[in-house]
Amino acid sequence: MRWKTAELTGWGRVLSGKAELARPEKPAALSVIFTDTPAPAIGAQRSYGDAAVNSDGRAIDMTRLDRFIGFDADTGILHAEAGCSITDMLDTFAPKGWMPAVMPGTGFATLGGCIAHDVHGKNHHKAGTFGQHVLEIELAGADGKTTTVTSQSDPALFKATIGGLGQTGAILSAKIQMIPCSSRLIQVDERRAANLAEFMEMLKSSTATYCVGWIDGTANGQNLGRGIMEEAELTSSNMAPKLRKPRKVPFNAPPFALSPPTVRLFNRMYFNRIPKQGRGVLRSLKDFFFPLDKIHDWNKLYGKRGFHQFQCVLPDETAERTLRDMLRLIADAGLASPLAVLKRTGPGRAGSLSFPMEGFTLALDFPNSEKSRALVAQLNTLAAEAGGRIYFAKDSLATAAQARLMYPELSEWQKTVEAADPEGAFKTDLIRRLKLRDPA
């Protein structure tokens, strides 16, 4: 197996670093690598910051290890290699009546990445996180040995691996529990929310299986927190969805493309496209679950300087007050992009460093600049003070002190990780930046 120098970067294209990269195509090749030089495993590099970056080190690209190993059509249990994408799972098994129980906002995410970040989706309030549907994990440790880990065989290692940012070893494959899929079409009902209080109440009272909200980060005053809520249910239609050819952003957009006046105008038009009485639309599964995947390289819309995403989750008791403070800061700064999401989250989480908690999660993108970095720093502070936490899969600006405050189970996770990787072979830039493996 040859190592080649490559530039690794997050989807936000702000944090990057050069590393020696190996791309094994068979498990045997991966075994040779681990016997010689264990290194962090990475997937499709869809995390936004530096989770998949190992500057001046080595990394193993798992995306070519993407086979389906086995599938039980009666139980819906899928065994797949870590490089399989969520889109491949959906395309292959939805026509057979099954789909992943939890899907993140992009179908390009890999199975290994979904486990390592314990991703959540538009049904978190009902289905919990991805890791809660993982039955077993095949893990390659720093000693080169491969073990099958379950919640029964080694509860501590299983819990430290799910949401554990790849620090217990390389995820080679996993068995996951899929859920029934009655159709490749989904009924989506859209309603407008006039302000934050109304929006939060709509999200709280929703009984839909899938629920997500777009929020206007430019609105202020009496319109602060206005947005559009989408509730969705699978249909029983046997119609095949229309296939749309993806478009691609061919070059870095100029700065004026996301200037404050442009974003305000877009957001106003986007909000008003929904009638006051609401509307219902029928969409393909991929259009609903992965709306941005139909625009390849959409991160180039932020220009060559890249962008930061801020995503936090806030507990119910502090959510409304804190969200109001955050949205005022964001609107006054005039830096938000049209890509902003508000969701209701449930209590489900599978790992010590899993992101969700019961409450509300807010996610917004900001073009990279000194002003936006200062704004995100303020938002991170507000989240920490409110008893919330930020999402490691999206972060590029949090501090080590904030991470330690936000994740009280960190010391428990550290003990298991240090036993699994005492030499620190799996550390990445994110781990070093936030000092996640450093003792208190």
Practice problem: List for me each residue that meets side chain to side chain donor-acceptor pair (under 3.5 Å) alongside Asp332, sequence neighbours excluded, and say none if there are none. | Solution: Asn220
Practice problem: Any pair with a residue in residues 37-52 that passes salt bridge (charged side-chain N to carboxylate O under 4.0 Å, His left out), sequence neighbours left out, goes on the list, sorted by first then second residue, please. | Solution: Asp50-Arg433
Exercise. Apply salt bridge (charged side-chain N to carboxylate O under 4.0 Å, His left out) to Arg247 and list each qualifying residue two or more places apart in sequence or on a separate chain.
Key: none
Practice problem: Taking salt bridge (charged side-chain N to carboxylate O under 4.0 Å, His left out) as the test, write out the residues that go with Asp316, two or more places apart. | Solution: Arg344
Quiz item: Who passes ring pair (Phe, Tyr, Trp, His ring centres under 6.0 Å) against Tyr302, sequence neighbours left out?
Solution: Phe307
Quiz prompt | Partner set under ring pair (Phe, Tyr, Trp, His ring centres under 6.0 Å) for Phe108, not counting sequence neighbours | solution = His296
Quiz item: Which side-chain hydrogen bond (donor to acceptor under 3.5 Å, both in side chains) pairs, counting each pair once, include a residue from residues 199-212, with sequence neighbours left out?
Solution: Ser206-Glu231, Thr209-Glu233
Check residues 285-293 and write down every donor-acceptor pair under 3.5 Å in which the side-chain atom is one partner and the other belongs to a residue at least two apart or another chain.
unit_1 : atom_1 : unit_2 : atom_2 : d
Lys286 : NZ     : Asp91  : OD1    : 3.2
Lys286 : NZ     : Asp91  : OD2    : 3.3
Asp287 : OD2    : Ser284 : OG     : 3.4
Asp293 : OD1    : Thr106 : OG1    : 3.0
Asp293 : OD2    : Thr106 : OG1    : 3.4
Asp293 : OD2    : Gly107 : N      : 2.6

Quiz item: Should the ring pair Phe392 and Tyr407 be called parallel, tilted or perpendicular, given that the plane angle runs from 0 to 90° and is split at 30 and 60?
Solution: parallel
Self-check item: Of all pairs that satisfy salt bridge (charged side-chain N to carboxylate O under 4.0 Å, His left out), the ones with a partner from residues 360-388, not counting sequence neighbours
Solution: none
Quiz item: Sequence neighbours excluded, which residues qualify as salt bridge (charged side-chain N to carboxylate O under 4.0 Å, His left out) partners of Lys18?
Solution: none
Quiz prompt | Pairs involving residues 318-358, ordered by first then second residue, that meet ring pair (Phe, Tyr, Trp, His ring centres under 6.0 Å) (sequence neighbours left out) | solution = His120-Phe355, Phe355-Tyr391
Quiz prompt | Within residues 217-267 or reaching into it, pairs that qualify as ring pair (Phe, Tyr, Trp, His ring centres under 6.0 Å) - sequence neighbours excluded | solution = Phe266-Tyr270
